[in-house]
There are 2 protein chains.
Amino acid sequence: MSTTSHKPPVIGDVAREAGVSVPTVSRVLTGAARVSEEKRQRVLKAIERLDFRPSVTARALVARRPRLIAVLAGNTSRYGYAETIRGIEESARAAGYTVSITVVETADEEVVDSAVALVLNQPIAGIVVLKFDRPGVAALHRLPKSIPTVSISGVRETGVPQAVLNESDAAHELVEYLLDLGHRTVHHVRVPPSRKEDGRTTGWRRALIARGAEVPTPFDASWDPESGRIIGMELADRPEVTAVFCGNDEIAMGVIRGLYERGRSVPRDVSVVGFDDHPLARMWTPPLTTVDQDFAGLGSRAYGLLDGLIEGRKVRMFSVERPPIVVRESASPPRG
Amino acid sequence: MSTTSHKPPVIGDVAREAGVSVPTVSRVLTGAARVSEEKRQRVLKAIERLDFRPSVTARALVARRPRLIAVLAGNTSRYGYAETIRGIEESARAAGYTVSITVVETADEEVVDSAVALVLNQPIAGIVVLKFDRPGVAALHRLPKSIPTVSISGVRETGVPQAVLNESDAAHELVEYLLDLGHRTVHHVRVPPSRKEDGRTTGWRRALIARGAEVPTPFDASWDPESGRIIGMELADRPEVTAVFCGNDEIAMGVIRGLYERGRSVPRDVSVVGFDDHPLARMWTPPLTTVDQDFAGLGSRAYGLLDGLIEGRKVRMFSVERPPIVVRESASPPRG
DNA sequence: CTGAAAGCGCTAACAG
DNA sequence: CTGTTAGCGCTTTCAG
């Protein structure tokens with residue numbers, strides 16, 4: 001006398017349907033022990049007939065460790081973020097983990113706390129926090145120490161294990177390249193920093209100081225290319241500006257556009273370089289000189305560290321990589 | 001005599017530490033019933049001291065419905081995908097859901113099945129599948145019917161409830177615009193279609209036929225702008241090509257670059273239009289004429305449908321929006 | 001208000 | 001091989 005309920009079937013329903021005990025069903029489900037072929041078939045049939053799917057929650061409660069990795073980020077769709085997440089997901093998936101994403105919109109306490117609460121409300125094996133911006137940094141600070149956590153950043157910092165792209169060295173090299181071209185100094189348009197100063201800005205500053213060049217006040221852009229365009233228009237009115245180092249390629253494209261709208265040509269009138277090697281950087285006119293950041297690889301390395309933590313292996317605190325600069329056509333010697 | 005174990009504390013530990021029963025701890029945790037202020041404080045202290053966090057898995061098993069929404073997509077980092085995911089996550093988070101992402105790399109059966117298995121291996125409340133490509137379509141077909149599912153697409157199709165951006169109408173309008181400018185026909189470079197033909201291509205074809213224009217064979221690009229560049233170079237050698245409608249802005253930018261590298265100018269020599277209104281479309285030289293696709297809104301609408309399904313409300317099968325075209329400077333009347 | 005008792009759905013340990 | 005017996009960690013009756 002089966003009650004036609006509309007709730008999903010449970011293992012007991014299958015057992016009854018197949019005329020076996022619950023553990024026997026479990027055995028065919030997990031393959032943990034041998035079951036006679038006959039009962040096995042009956043069970044399989046019953047499972048099919050009932051469209052039964054074991055409750056992952058119940059399974060998790062009994063034995064299995066969580067197979068979910070949470071990513072906390074200030075953003076998901078901008079190039080660097082999206083690629084980093086892609087790298088994490090790809091590696092995690094290969095290892096049988098699912099990745100969840102929760103964005104931390106601002107660094108406000110409430111916002112951060114509610115995002116963190118959301119994350120902790122899932123059965124997670126570990127957390128990756130993208131520390132590219134203020135919200136990311138804030139989130140990291142609110143996470144309980146008891147959960148395996150790694151961070152991703154553009155600069156080495158103590159705390160949890162960290163995957164980093166050494167941005168300051170790359171920026172340093174890029175600025176030196178500009179200086180070597182003959183520019184007296186290099187102006188800088190930065191993206192929203194994660195703390196006082198990001199690696200890109202630090203590298204720029206150091207290179208300038210090392211060469212005894214003047215260090216101009218940086219311009220502040222948002223993540224929107226449009227903000228770069230506005231700054232580009234301002235820059236167009238300042239003849240002393242001959243070289244500009246932008247915080248990322250999208251901003252560089254905006255800056256170039258702004259310059260162009262004000263009648264200045266790149267690189268003839270002013271050289272502009274970016275950072276990241278966005279897929280469109282090479283399509284731009286002129287093709288952008290920039291730094292090739294392997295974000296997907298970065299995400300992948302972060303997963304590697306996290307996996308070590310989860311498995312209880314001894315993991316090193318840093319996985320650092322030095323991104324190479326890629327010279328194209330948006331920078332040249334200054335005029336005259 | 002407390003055993004100093006290194007396993008995370010459970011509710012029983014807290015109860016012992018506070019000198020109360022387990023249900024009492026549970027009551028202060030959930031606020032489900034009144035607890036004397038004194039015991040309440042003792043419990044809170046014990047929780048703090050032990051750094052206890054209730055097992056979400058156990059909680060889920062007892063009562064709570066899953067608070068995880070899975071997104072299945074062929075890709076996560078390309079503009080349209082990333083923005084759509086952002087829209088889903090934003091709405092889901094506002095409603096207290098976390099979003100997981102799993103990529104379906106190809107439409108191969110094994111690949112699709114393992115991605116689907118990964119998703120079903122989490123306690124999920126519902127699924128949204130991005131049906132922008134073959135892998136997405138394939139994944140949708142392998143999903144059990146018993147789980148609330150919605151899809152996102154550029155064209156109306158029967159099946160599960162669906163959020164759609166009416167791409168064919170927009171493409172139709174864009175092609176008409178080009179024809180009105182005086183072009184005899186419009187060539188088409190398409191991105192990888194999700195089925196025989198995508199809405200963008202259908203709209204293009206229909207517009208051409210409606211006007212009695214010749215329908216040239218479309219060119220096939222990948223998602224990589226570089227593939228657009230290659231095609232652009234080919235196009236440069238064909239003087240009969242005066243207008244090109246590209247499957248998305250990134251491809252359009254590649255096409256323009258290829259044309260440019262072969263000495264042709266846009267829009268003077270050939271008009272090129274894109275699709276999506278990528279943030280860089282407006283920065284491009286020339287600024288791209290395109291279709292303004294509200295991907296984030298699309299994701300948000302998809303979440304709305306899914307939420308209805310999860311809550312058991314009656315939900316309509318379609319949430320359709322018609323994206324507007326945005327005229328900028330990459331298209332003009334043909335020369336001569 | 002509060003403790004004892006009874007599960008949630010599944011797997012593991014233990015006898016046969 | 002297979003059924004019975006115990007839980008996993010938490011919430012929810014159900015008596016007091």
Side-chain angles (χ1 to χ4, degrees), chain A residues 3 5-44 46-47 50-67 120-125 144 146-147, chain B residues 3 5-44 46-47 50-68 120-125 146-147:
Chain A
T3 318
S5 139
H6 276 264
K7 295 178 61 64
V10 298
I11 195 171
D13 300 330
V14 176
R16 196 175 329 114
E17 179 86 7
V20 300
S21 71
V22 167
T24 294
V25 176
S26 175
R27 284 173 190 121
V28 350
L29 247 26
T30 62
R34 313 201 61 69
V35 172
S36 72
E37 193 50 28
E38 189 225 328
K39 298 203 170 178
R40 184 187 162 63
Q41 289 307 332
R42 295 221 307 267
V43 169
L44 257 18
I47 287 176
L50 267 37
D51 189 28
F52 164 79
R53 247 179 320 282
S55 153
V56 292
T57 309
R59 282 184 154 180
L61 181 58
V62 176
R64 284 237 322 282
R65 301 152 318 156
R67 299 303 277 181
L120 298 181
N121 233 10
Q122 297 294 148
I124 54 176
S146 54
I147 298 176
Chain B
T3 318
S5 137
H6 276 265
K7 296 178 60 65
V10 298
I11 197 171
D13 299 330
V14 175
R16 197 175 328 115
E17 179 84 9
V20 300
S21 72
V22 166
T24 295
V25 176
S26 175
R27 285 174 188 120
V28 350
L29 247 26
T30 62
R34 315 201 61 69
V35 171
S36 72
E37 192 51 27
E38 189 225 328
K39 298 203 169 177
R40 185 188 161 62
Q41 289 307 332
R42 295 220 306 266
V43 168
L44 257 17
I47 288 176
L50 267 38
D51 188 28
F52 165 79
R53 247 179 320 282
S55 152
V56 294
T57 310
R59 281 185 154 179
L61 180 58
V62 176
R64 284 237 321 281
R65 302 152 317 156
R67 299 302 279 179
L68 185 64
L120 298 181
N121 234 8
Q122 296 294 148
I124 54 177
S146 54
I147 298 177

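Chain A is the first sequence line, chain B the second, and so forth, proteins listed ahead of strands; every chain is numbered from 1.
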Can you tell if the side chain of [X] reaches within under 4.5 Å of the side chain of [Y], non-hydrogen atoms only?
{"X": "Ser26(A)", "Y": "Ile11(A)", "value": "yes"}
{"X": "Val43(A)", "Y": "Val20(A)", "value": "yes"}
{"X": "Leu29(B)", "Y": "Val14(B)", "value": "no"}

Margin query: Using a 4.0 Å heavy-atom cut-off to protein, can you give one letter per nucleotide of nucleotides 10-16 of chain C, 5' to 3': B if the base is in contact, S if only the sugar-phosphate is, - if neither?
Written below: BBBB---
Notebook entry, point to check: Who passes side chain to side chain contact (heavy atoms under 4.5 Å, CB included) against Gln122(A), sequence neighbours left out?
Noted result: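 Listed in chain order: Leu68(A), Ile124(A), Arg67(B), Leu68(B), Thr98(B).
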Item checked: the helix from dC1(C)-dG16(D) to dG16(C)-dC1(D): angle between end helix axes, five pairs per end, rounded to 10 degrees -> 40°
Next item on the list: Sequence neighbours left out, what passes salt bridge (charged side-chain N to carboxylate O under 4.0 Å, His left out) with Arg65(B)? Give chain and number order.
Entry: Glu311(B)
Item checked: Separation of atom CG in Leu61(A) from atom P in dG7(C), rounded to whole Å ->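 Leu61(A) atom CG is separated from dG7(C) atom P by 17 Å.
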Could you tell me the separation between the [atom1] atom of [X] and the [atom2] atom of [Y], rounded to the nearest 0.5 Å?
{"X": "Arg42(B)", "Y": "Thr24(B)", "atom1": "CZ", "atom2": "OG1", "value": "9.5 Å"}
{"X": "Arg27(B)", "Y": "Arg40(B)", "atom1": "CZ", "atom2": "CZ", "value": "13.5 Å"}
{"X": "Thr57(B)", "Y": "Arg59(A)", "atom1": "OG1", "atom2": "CZ", "value": "14.0 Å"}

Check: From the 5' end of DNA chain D to its 3' end, which nucleotides mark the outer limits of contact with chain A, defined by a 4.0 Å heavy-atom distance cut-off (strictly under)?
Finding: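 Nucleotide range with atoms under 4.0 Å of chain A: dC1(D) to dG9(D).
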Next item on the list: Give me the residues of residues 34-42 of chain A where at least one heavy atom lies under 4.0 Å from an atom of DNA chain C, by number, or none.
Entry: none
